[in-house]
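Worksheet: one structure, shown below.
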Amino acid sequence: MTKTAIVTGAGQGIGRGIALQLAQDGFNIVVADLNEKTAATTATEIKNLGVDSLPLVADVSDEAAFNQLVAEAHEHFPTIDVLVNNAGIAQVATIEETSAADFDKIFKINVNSIFYGIKAVAPIMRAQGSGKIINAGSIASHQGIELLGPYSATKFAIRGLTQAAAQELAKDHITVNAYAPGIVLTPMWDLIDKRMSEIHNVPIGASRDKFIAGIALGRGETPQDVAGLVSFLASEKSDYITGQTIIVDGGINYS
Ligand SMILES: NC(=O)C1=CN([C@@H]2O[C@H](COP(=O)(O)OP(=O)(O)OC[C@H]3O[C@@H](n4cnc5c(N)ncnc54)[C@H](O)[C@@H]3O)[C@@H](O)[C@H]2O)C=CC1
Ligand SMILES: CC(=O)C(C)=O
């Protein structure tokens with residue numbers, strides 16, 4: 001039977017790259033995003049690869065909306081084999097300049113969504129006897145980054161949630177892991193670069209290029225680079241791996 005993966009934030013960027021890769025791996029894909037248009041476009045691209053795809057509009061920071069997303073996905077497809085909790089946002093500011101409202105907002109989108117997602121799919125995966133939950137970490141799950149303080153805090157939290165969920169769900173044959181990319185050239189990094197350039201008063205592109213200069217492999221990361229790792233984590237080849245937040249960053253030198 002064809003397996004099904006839900007990928008959140010799959011309308012663009014890393015989520016879209018993961019959705020297309022998992023479709024190539026033979027999964028049916030639920031494309032979840034806030035943006036109806038981009039979700040529909042990704043779903044059409046996936047159908048052209050010969051598997052089924054269901055685009056669903058959902059705000060994953062809302063528990064009821066996440067539950068509804070999973071219920072609709074499970075009505076359409078008989079199993080939910082993989083959940084990729086990919087949707088997230090970045091904010092670029094010093095901690096002192098970040099408002100309490102913005103701090104709450106980034107936690108709701110980046111962390112609460114993963115908590116809701118785990119809770120929504122765990123009973124389904126338990127009843128099936130297996131499942132894989134794969135969360136979006138970051139190099140900022142391992143190293144706090146200047147001007148990305150609240151963002152780094154969310155990504156550390158995701159690492160902790162991933163470890164604890166892996167311990168709790170192992171007996172149900174559900175693995176929980178995370179991918180930790182570096183500098184992925186998506187619309188998110190366009191926003192980070194623009195804000196950092198304004199703060200440091202340097203030309204657009206200069207902040208991004210400074211980060212890329214620290215990458216051993218000598219280039220910025222692509223969504224496909226991330227999708228290769230997620231493809232492995234979604235496959236049986238990773239069955240003995242759980243609780244890990246695996247760095248895929250081209251070899252960034254932090255020193
Ligand atoms: N771009 C990068 O360098 C890195 C990104 N990441 C993480 O990877 C994930 C994806 O990042 P990118 O593709 O770069 O971001 P992006 O901003 O290019 O795309 C994010 C997608 O998520 C969707 N989204 C945002 N909030 C949502 C919500 N509340 N409900 C549903 N969908 C929502 C957006 O509509 C968009 O389609 C994020 O969790 C990010 O933190 C991690 C490390 C590096
Ligand atoms: C967006 C992000 O996670 C980084 C590290 O740039």
Side-chain angles (χ1 to χ4, degrees), residues 6-20 30-43 55-66 68-70 83-92 105-117 134-159 161-162 178-196 207-208 210-212 214-215 219-227 229-230 245-250 252 254:
I6 300 174
V7 184
T8 70
Q12 70 179 34
I14 295 172
R16 174 177 167 274
I18 290 169
L20 290 171
V30 177
V31 175
D33 206 289
L34 265 184
N35 186 320
E36 184 173 8
K37 202 163 157 228
T38 59
T41 303
T42 303
L56 290 175
V57 176
D59 177 356
V60 295
S61 69
D62 176 328
E63 185 171 20
F66 210 136
Q68 193 184 331
L69 154 67
V70 171
L83 169 64
V84 184
N85 276 314
N86 168 77
I89 62 162
Q91 294 168 350
V92 181
K105 179 180 172 191
I106 198 168
F107 263 82
K108 255 185 112 28
I109 296 173
N110 290 8
V111 184
N112 291 29
S113 64
I114 291 182
F115 169 69
Y116 302 147
I134 305 169
N135 301 324
S138 161
I139 50 170
S141 299
H142 297 269
Q143 169 73 49
I145 300 176
E146 185 182 4
L147 296 176
L148 290 169
Y151 178 85
S152 301
T154 66
K155 294 299 181 181
F156 267 71
I158 289 163
R159 195 169 148 214
L161 211 49
T162 299
Y179 49 96
I183 312 304
V184 192
L185 305 179
T186 66
M188 177 180 280
W189 240 98
D190 291 340
L191 279 178
I192 294 173
D193 176 64
K194 184 168 178 291
R195 271 294 289 144
M196 285 190 172
S207 305
R208 182 199 59 217
K210 198 171 161 207
F211 275 89
I212 291 176
I215 300 175
R219 63 168 174 85
E221 188 166 351
T222 65
Q224 291 73 27
D225 292 321
V226 184
L229 170 61
V230 176
T245 296
I246 300 174
I247 294 177
V248 50
D249 70 352
I252 293 182
Y254 294 104

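Just so you know, ligand 1 is whichever comes first in the structure, and atom 1 is the first atom listed for that ligand.
Here Tyr116 contributes atom OH and Asp62 contributes atom CG; the two are 7.5 Å apart, rounded to the nearest 0.5 Å. Annotation: the span from Phe66 atom CZ to Ile6 atom CD1 amounts to 7.0 Å, rounded to 0.5 Å. Distance check: Ile114 CD1 to Ile109 CD1 gives 12.0 Å after rounding to the nearest 0.5 Å. Between the CD atom in Gln91 and the CD1 atom in Ile192 there is a gap of 11.0 Å [rounded to 0.5 Å]. Rounding to the nearest 0.5 Å places OG of Ser113 at 8.5 Å from CG of Asn135. Note: Leu191 CG to Met196 CE = 11.5 Å, rounded to the nearest 0.5 Å.
For ligand 2, the atoms lying closer than 4.0 Å to a non-hydrogen atom of Tyr151 are 1 (C), 2 (C), 3 (O). Atom numbering of ligand 1 starts at 1 in the shown order; those under 4.0 Å from a heavy atom of Ser138 are 42 (C), 43 (C). For ligand 2, the atoms closer than 4.0 angstrom to any heavy atom of Ser138 are 2 (C), 3 (O), 5 (C). Every atom of ligand 2 with a heavy atom of Ile139 under 4.0 Å away is listed here by number and element: 5 (C). Atoms of ligand 1 found under 4.0 Å from any heavy atom of Ala136 (numbered from 1 in listed order, with element): 39 (O). Close contacts between ligand 1 and Pro187 involve ligand atoms 18 (O) [criterion: under 4.0 Å to a heavy atom]. Counting the atoms of ligand 1 from 1 in the order shown, those under 4.0 Å from a heavy atom of Asp59 are 28 (C), 29 (N), 30 (N). Residue Gly9 has at least one heavy-atom neighbour below 4.0 Å for each of these atoms of ligand 1: 21 (C), 22 (O), 23 (C). Counting atoms of ligand 1 from 1 in the listed order, those under 4.0 Å from a heavy atom of Gly13 are 13 (O). In summary, the atoms of ligand 1 found under 4.0 Å from a heavy atom of Ile183, numbered by their order in the structure, are 3 (O). Taking a cut-off of under 4.0 Å to the non-hydrogen atoms of Met188, the atoms of ligand 2 that pass are 1 (C).
The nearest protein atom to atom 33 (C) of ligand 1, hydrogens excluded, is given as Ala87 CB, 3.7 Å; this is a heavy-atom distance. Atom 4 (C) of ligand 2 has as its closest protein heavy atom Gly182 O, 3.6 Å. The protein atom (non-hydrogen) at minimum distance from atom 8 (O) of ligand 1 is Ile14 CD1, 3.5 Å. Nearest protein heavy-atom neighbour of atom 17 (O) of ligand 1: Gln12 NE2, 3.4 Å. With hydrogens left out, the protein atom closest to atom 14 (O) of ligand 1 is Thr186 OG1, 2.5 Å, a heavy atom. The protein heavy atom nearest to atom 37 (O) of ligand 1 is Asp33 OD2, 2.6 Å. For atom 28 (C) of ligand 1, the closest non-hydrogen atom on the protein side is Leu34 CG, 3.6 Å. Atom 20 (C) of ligand 1 has as its closest protein heavy atom Gly88 O, 4.1 Å. Here the protein heavy atom with the shortest distance to atom 44 (C) of ligand 1 is Gly182 O, 3.0 Å.
No part of Lys155 comes within 4.0 Å of ligand 2, judged by heavy-atom distances. Only the side chain of Ile192 comes within contact range of ligand 2, with a heavy atom under 4.0 Å; no backbone atom does. When non-hydrogen atoms are compared, ligand 1 lies under 4.0 Å from the backbone of Asn86 as well as from its side chain. Contacts of Ala58 with ligand 1, taken as heavy-atom pairs under 4.0 Å, involve the backbone alone.
Under a 4.0 angstrom heavy-atom cut-off, Trp189 registers as being in contact with ligand 2. At least one heavy atom of Gly137 sits less than 4.0 Å from an atom of ligand 1. Ligand 1 is approached by Lys155 to a heavy-atom distance shorter than 4.0 Å. At a 4.0 Å cut-off, not a single heavy atom of Thr8 sits close enough to ligand 1 to count as contact. Under a 4.0 angstrom heavy-atom cut-off, Pro181 registers as lying outside contact with ligand 2. The shell of residues lying under 4.0 angstrom from ligand 1, judged by heavy atoms, excludes Tyr179.
Paired with Val30 under the rule side chain to side chain contact (heavy atoms under 4.5 Å, CB included), one option of Val7, Val84, Leu83, Leu69 passes, and it is Leu69.
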Check: Can Ile89 and Ile106 be said to form a side chain to side chain contact (heavy atoms under 4.5 Å, CB included), step by step?
Finding: CA-CA 7 Å; Ile89 62 162; Ile106 198 168; 3.9 Å; yes

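The main-chain N or O of Arg208 is found under 3.5 Å from a side-chain atom of Asp193 such that the two form a donor-acceptor pair. In this structure, Lys155 contributes its side chain and Gly144 its backbone to no donor-acceptor pair below 3.5 Å.
One option in Val60, Val226, Ile192 has a heavy atom closer to atom 30 (N) of ligand 1 than any other, and that option is Val60.
When only interatomic distances are considered, the shortest N/O to N/O separation between Val184 and ligand 1 falls below 3.5 Å.
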